[in-house]
Number of protein chains: 2
Amino acid sequence: MIEIAAVTRTRDGHEVAQARSTTIKDVAAAAGVGIATVSRVFSGTGSVSAATRERVLAAARELDYRPSALGRGLKLRRSGGIGLIVPDVTDPFCAEVLAGVLACARTLGEHVIVDAAHGDPAREAEILDRLVEQRVDGVIALPAGEAADWRAAARVCSSVVFADRVLPGLPEIPSILADDAGGVRSLVEYLVGLGHRRVGFLGAAAPGGSPGVRERAFRGTLAQLGVPLDEDLVVAARPARDAAYAAAAGLLQRRADVTAVLAAGHLLGEAAVLVARELDLRVPADVSIAMVDDVAWAELCDPPLTAVARPARDIGYRACELLLRDRARRGRGGPVLLPTELVVRGSCAALRVSRSSGRSAGRPSPRHGL
Amino acid sequence: MIEIAAVTRTRDGHEVAQARSTTIKDVAAAAGVGIATVSRVFSGTGSVSAATRERVLAAARELDYRPSALGRGLKLRRSGGIGLIVPDVTDPFCAEVLAGVLACARTLGEHVIVDAAHGDPAREAEILDRLVEQRVDGVIALPAGEAADWRAAARVCSSVVFADRVLPGLPEIPSILADDAGGVRSLVEYLVGLGHRRVGFLGAAAPGGSPGVRERAFRGTLAQLGVPLDEDLVVAARPARDAAYAAAAGLLQRRADVTAVLAAGHLLGEAAVLVARELDLRVPADVSIAMVDDVAWAELCDPPLTAVARPARDIGYRACELLLRDRARRGRGGPVLLPTELVVRGSCAALRVSRSSGRSAGRPSPRHGL
DNA sequence: GTGAAAGCGCTAACAT
DNA sequence: ATGTTAGCGCTTTCAC
């Protein structure tokens with residue numbers, strides 16, 4: 001039942017009925033009990049006789065009563081929800097993390113406030129601020145920048161868990177990560193095993209400008225395998241489509257002698273595929289391409305792309321679990337590393353000593369035609 | 001400043017410091033003013049002298065004060081957030097809608113609670129319930145089912161706007177839709193214009209089993225163009241990868257004579273591409289493929305897929321706008337239709353009378369080899 | 001087992 | 001311009 005508390009007339013002469021939603025008080029009155037009893041029934045605390053419980057439930061149903069999370073939250077000083085900050089919800093990896101968080105939050109009865117920072121530290125801080133105002137029970141983030149903000153946040157209010165990536169200088173914040181180094185290593189080993197020696201690396205430019213785990217793993221594995229590395233085979237791009245494309249084009253045009261490209265992310269992989277097509281390079285006959293992140297289109301590509309699958313959904317799920325369930329265990333033993341998996345498809349071929357299309361192993365011949 | 005209110009020892013002997021966060025009261029005391037003044041400073045209501053405002057702000061900064069949305073929400077009887085219910089956050093279309101909603105909500109200072117119903121009406125109702133408990137200012141949904149739940153929700157609490165799709169029998173709920181009928185029509189006209197006469201239709205099975213806008217548009221346009229339609233060229237699949245694949249395989253194997261496939265969604269398009277590859281059908285030489293929804297991989301495909309782009313982000317943005325900004329204008333004039341755009345790429349070819357690979361125009365020859 | 005009462009942190013009259 | 005006060009809807013002692 002809806003009770004009309006007031007009918008106000010707005011400026012444009014439109015009538016608006018303001019329905020006061022039924023409260024615990026109404027239910028108590030209707031059931032002939034005290035409000036405490038109603039509270040006990042709905043919050044599951046304390047004990048109520050089966051008879052009264054039934055009466056209360058009936059009254060509540062009759063009045064269409066919904067307990068207000070606002071009232072409860074104020075009393076309990078927590079909202080019953082968590083916050084998730086990602087760079088971009090339309091990124092398939094982020095979306096998968098979100099799905100994992102949602103799945104876990106659901107089992108724990110929490111809701112999830114999501115927002116996208118788009119790599120902007122200021123925006124990220126803003127979102128974080130708002131989440132604190134909302135008194136979320138915790139926040140999960142794929143952080144973009146500004147360790148200071150996060151340090152403050154972790155101190156002042158709720159708990160924080162990083163997912164997929166960490167910020168330098170914040171070891172006290174627990175994190176769930178994919179074993180990116182392992183993933184890149186397996187990719188490099190695979191390519192080198194196929195005979196490739198001049199492998200281009202398309203990496204993401206870290207905010208700080210430091211190499212990043214993936215690049216370090218690339219260099220490290222190559223060194224370990226005794227493959228010398230030309231410095232200009234390593235390229236870093238901002239995490240945006242245009243930048244990725246530019247980086248891929250630059251690499252493949254400048255170094256016509258690369259026989260394989262390792263893209264350290266799906267955006268970079270996409271760029272590599274597009275550029276190769278534009279330059280009329282056959283994959284894998286002319287260049288082999290492999291990437292980190294086994295997104296949906298990897299299989300739709302022609303040829304399907306070899307990739308390292310990172311457990312995005314698990315990352316989200318476990319981050320949420322860590323945040324809400326294992327509060328005690330948190331922070332012990334450093335970041336949690338989840339394994340990756342090499343998915344071999346058709347985009348990488350064994351290197352033959354001499355190949356067609358003029359891409360001989362000798363000196364680089366600059367390419368044109370983009 | 002953080003004040004330690006209590007130090008409790010948990011069962012596992014772990015000490016936990018409970019910091020009582022600073023409230024409006026603390027700030028008032030520190031600034032030597034009444035709490036109402038502090039409230040006025042932070043809520044922007046009423047008037048405060050510049051001097052006191054400064055004092056308050058300074059005190060707040062000193063104490064690291066964050067206004068509690070819980071307290072404010074209780075008083076205002078609204079949370080300052082909205083809910084978004086999608087079938088699946090990892091679906092690129094849904095993700096894009098979400099991005100649009102986030103963008104708009106941000107400009108209006110609202111946060112967004114997201115959840116995925118996975119096409120399950122019961123789950124959807126559950127989520128809706130929770131959102132009502134949270135006292136969200138409104139709900140945007142890509143609804144799955146159960147008109148009754150939605151009718152109740154729209155009545156009892158906050159306002160509802162449907163996005164991308166509607167539920168039969170709920171004309172009173174405003175909606176923002178893509179012009180799917182127009183999109184399908186342009187696709188059919190394009191294919192028929194290329195000379196195709198036996199066009200297969202891969203559609204989504206509607207919950208109710210009714211044809212759906214896309215299928216009706218398909219049939220209608222064909223009829224309008226005077227192209228007869230074999231009933232078994234029209235296939236409906238549940239919105240899941242396996243079902244889509246099965247449907248596509250069934251269609252292409254059963255009807256070796258189809259010269260073009262219109263996939264009414266990106267999942268179905270994906271299935272068509274995969275099945276065509278599995279059956280060794282060259283695209284577009286043997287079959288032309290076109291789909292609704294211009295997702296990212298359409299361009300990465302080889303050949304790139306012709307598709308109808310639907311303005312997912314706009315849909316989200318405008319749904320949010322309609323929900324929060326244009327409350328008054330809402331519901332007038334029925335659903336808002338946003339235009340689609342045909343993006344022609346390389347996956348459809350003009351039909352020649354006789355083609356290679358034994359796919360003659362004559363009687364269907366059952367295919368094998370999946 | 002149940003009720004009365006005291007807040008949780010905030011805003012909005014209403015006074016001054 | 002600013003302080004006082006009364007709740008918003010709920011949980012939780014504390015009596016009974």
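Proteins come first, then strands; the chains are lettered A, B, ... in the order of their sequence lines, and each starts at number 1.
Of all nucleotides in DNA chain D, those with any atom nearer than 4.0 Å to a heavy atom of chain B start and finish, going 5' to 3', at D:dA1 to D:dG9.
When heavy atoms are screened at a 4.0 angstrom cut-off, B:Ser49 is found touching the sugar-phosphate backbone but no base atom. Backbone-only contact: B:Gly32 has heavy atoms under 4.0 Å from sugar-phosphate atoms and none from a base. Nucleic acid contact for B:Ser47: base, since at least one base atom lies under 4.0 Å from a heavy atom of the residue.
Rounding to the nearest 0.5 angstrom, the gap separating the CD atom in B:Glu172 from the CZ atom in B:Arg151 is 6.0 Å. Atom CD of B:Gln134 sits about 8.5 Å away from atom OG of A:Ser68, to the nearest 0.5 Å. Here the CG atom belonging to A:Leu167 is positioned 9.5 Å from the CZ atom belonging to A:Arg165, to the nearest 0.5 angstrom.
Nearest approach of B:Pro67 to B:Arg72, heavy atoms of both residues: CB-NH2, 4.1 Å.
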Strictly under 4.0 angstrom, non-hydrogen atoms only: write out the protein contact profile of nucleotides 9-16 of chain C, one letter per nucleotide from the 5' end, B, S or -. BBBB----
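Of the N and O atoms on the side chains of B:Ser47 and B:Arg40, not one donor lies less than 3.5 Å from an acceptor on the other residue. Side-chain atoms of A:Ser21 and A:Arg66 form no donor-acceptor pair, as typed in the model, at a separation below 3.5 Å.
Of the charged side-chain nitrogens involved, none lies within less than 4.0 Å of a carboxylate oxygen, so that A:Glu321 and A:Arg327 do not count as a salt-bridged pair. Ion pairing between A:Glu110 and A:Arg78 holds under the 4.0 Å rule for side-chain N and carboxylate O.
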